[in-house]
Amino acid sequence: MLKDRFGRTHDYLRISLTDHCNFRCTYCMPQEDMQWMPHSRLMNAEELVRLAEIFVGQGIKKIRLTGGEPLVRKDFSKILESLSKLPVELTLTTNGVLIHHYIQDLKQAGVRSVNVSLDTLNPEKFRKLTRRDQFEQVWENIQLLIDEGFRVKINAVALHGLIEDELTGFIKLTENLPIHVRFIEFMPFQGNHWESKKVITAAEMLSLASKEFEFEKLYDEPHATAKKYKVSGYEGTFAFITTMSEHFCGDCNRLRLTADGKIKNCLFGSQELDLLGLLRKGEDVIPTIQQSVASKHAALGGQFSADYQKADPEKIQNRSMIKIGG
Ligand code: SAM
Ligand code: SF4
């Protein structure tokens, strides 16, 4: 069991399949000097599955595949099939633009829930945010996932000045669609030009939403990252991921494996320990996994305080989000 010094048991692993992506979201990837990792540095399918097996042996019960964009990996179906043989719940976070090619593979692998990122319902704004003109395809694919019976969560990064016009539209979507929209507070990563004034908090969004809707607070499961709400009578739900205004580190059960095979014990942590290097040398990786868990900080990777307004993005040592795997 992977228990840290604060008594938190880690049973959820997020694996980044690649740092490559077919979108260019401004809040996620560095706007200058983006260098893709060479393929030789990425875990190949066998290495990735072997490391996943070792993690499962250590008590991991849920694996989320992410990236970069996980679906740009040519061997995605092969990886998915191999991972589906492990005794874990498998899930996926994707920008959604390629998902129509993988519906049957996902079903066969037993994936029941998919997170799709969509920050705006306006095609023109979508083009500006992602630097790709693919709104229609993503929207069609969200409908397809719903029709095919997947539980669909929409991840919308909430940027001050942009999300205000979108809140009503997104919440209205939940009236007749069984979808779960989650507004994520904007987080600081290398090169993403984060400033505290670009953060809009859950409290501010709730106050805006309450002008239009009557809603109730729903129960949040243990380890949940999202605080859930529902407009009475609506089919779906909406939620806030309050990393900046009210972190949920006290209950964290998550570890990350980057596409180049480094274990990160926290999204915001600077520590990375190289599992792939050890695996390639034929060495035991388990002591290093345990070392990573043992050295996890109490909150926010030990890099900034709970008052996000005091965070200095220049001082945060971390990768860009696209290279970590959200
Ligand atoms: N490409 C996939 C996608 O877009 O869903 C998976 C990887 S992406 C890094 C995972 C999630 O991180 C997405 O929902 C994205 O919106 C979110 N994300 C990226 N940068 C972020 C930031 N600076 N603050 C908050 N969320 C962010
Ligand atoms: Fe790519 Fe996802 Fe980052 Fe957008 S949020 S650039 S789709 S990895």
Side-chain angles (χ1 to χ4, degrees), residues 12-25 28-29 36-37 39 42-53 55-56 60-119 126 130-157 173 177-182 236 256-259 321-326:
Y12 180 6
L13 178 68
R14 298 191 179 189
I15 306 181
S16 171
L17 299 195
T18 177
D19 66 331
H20 291 237
C21 189
N22 42 7
F23 284 9
R24 299 284 181 272
C25 303
C28 175
M29 72 187 275
W36 306 112
M37 289 175 195
H39 281 283
L42 302 184
M43 296 179 284
N44 66 34
E46 287 75 27
E47 291 164 339
L48 191 151
V49 173
R50 180 66 198 123
L51 286 175
E53 273 169 4
F55 273 99
V56 171
I60 291 297
K61 296 197 173 64
K62 176 172 174 182
I63 292 180
R64 174 173 301 281
L65 303 179
T66 177
E69 173 49 41
L71 300 183
V72 301
R73 259 195 83 143
K74 300 271 178 292
D75 52 2
F76 175 77
S77 300
K78 180 178 161 191
I79 293 171
L80 186 70
E81 196 208 338
S82 305
L83 293 177
S84 73
K85 296 184 181 130
L86 300 176
V88 285
E89 178 190 344
L90 261 186
T91 57
L92 173 72
T93 299
T94 171
N95 62 30
V97 77
L98 295 175
I99 206 144
H100 51 298
H101 298 299
Y102 295 101
I103 297 292
Q104 290 317 318
D105 291 343
L106 290 167
K107 282 189 175 175
Q108 260 163 28
V111 173
R112 305 195 50 79
S113 170
V114 178
N115 290 8
V116 181
S117 301
L118 181 69
D119 312 307
F126 181 96
T130 63
R131 293 178 265 178
R132 292 292 181 269
D133 197 6
Q134 298 272 20
F135 174 82
E136 299 299 338
Q137 184 67 61
V138 172
W139 181 243
E140 263 176 40
N141 283 352
I142 289 174
Q143 307 264 12
L144 177 69
L145 283 166
I146 297 170
D147 293 346
E148 294 287 343
F150 290 91
R151 178 177 162 83
V152 179
K153 296 185 201 161
I154 292 185
N155 285 349
V157 176
L173 279 184
L177 292 174
I179 51 172
H180 307 281
V181 181
R182 294 125 46 92
R256 288 180 158 78
L257 181 61
T258 63
M321 180 62 135
I322 196 166
K323 286 191 184 293
I324 301 172

Here the pair of heavy atoms bringing H100 nearest to V97 is CE1-O, 3.2 Å
Heavy-atom count check: over 12 atoms from other residues, nucleotides or ligands less than 6.0 Å from R112 CZ? no
Here the pair of heavy atoms bringing L145 nearest to V152 is CB-CG2, 3.6 Å
**Report entry** Side-chain touch F135/L118, heavy atoms, less than 4.5 angstrom
**Finding:** yes
Taken to the nearest 0.5 Å, the spacing of L42 CG from W36 CH2 works out to 11.5 Å
Taking the side chain as every heavy atom from C-beta outward, state whether Y12 and E89 have any atom pair closer than 4.5 Å. no
Hits for salt bridge (Lys or Arg N to Asp or Glu O under 4.0 Å) against D19, two or more places apart or cross-chain, chain-then-number order -> K323
- Task: Let me see the working for R50 and E47 under salt bridge (Lys or Arg N to Asp or Glu O under 4.0 Å), right down to the final yes or no.
- Result: CA-CA 5 Å; R50 180 66 198 123; E47 291 164 339; over 6 Å; no
For this session: Check the angle between the aromatic planes of F23 and F126 and answer parallel, tilted or perpendicular using the 30° and 60° thresholds.
Result: perpendicular
Enumerate donor-acceptor pairs with a distance under 3.5 Å from any side-chain N or O in residues 70-80 to protein atoms, sequence neighbours excluded.
| residue | atom | partner | partner atom | Å |
| --- | --- | --- | --- | --- |
| R73 | NE | D75 | OD1 | 2.8 |
| R73 | NH1 | L17 | O | 2.9 |
| R73 | NH1 | M43 | O | 3.0 |
| R73 | NH2 | M43 | O | 3.2 |
| R73 | NH2 | D75 | OD2 | 3.1 |
| S77 | OG | D105 | OD2 | 2.6 |
| K78 | NZ | E46 | OE2 | 3.1 |

Taken to the nearest 0.5 Å, the spacing of I154 CD1 from D119 CG works out to 10.5 Å
* Do N115 and R64 touch side chain to side chain, with heavy atoms closer than 4.5 Å? -> yes
On a heavy-atom basis, the closest approach of S16 and G325 is CB-CA, 4.1 Å
Here the salt bridge (charged side-chain N to carboxylate O under 4.0 Å, His left out) pairs for residues 133-144, sequence neighbours left out, are none
Worksheet item: Hey, does L65 have a side-chain heavy atom less than 4.5 Å from the side chain of L83?
Response: yes
So K153 and S113, do their side chains get closer than 4.5 Å, heavy atoms only? yes
For K61, look at atom NZ and say whether over 12 heavy atoms of other residues, nucleotides or ligands are found less than 6.0 Å away.
no
Exercise. If only atom types and distance count, is the side chain of R131 paired as donor or acceptor with the main-chain N or O of R24 below 3.5 Å?
Worked result: yes
Fill in: Pairwise side-chain contact, I15 with L51, heavy-atom cut-off 4.5 Å (strictly under)
no
Side-chain donor-acceptor contact under 3.5 Å, T18 with E69: no
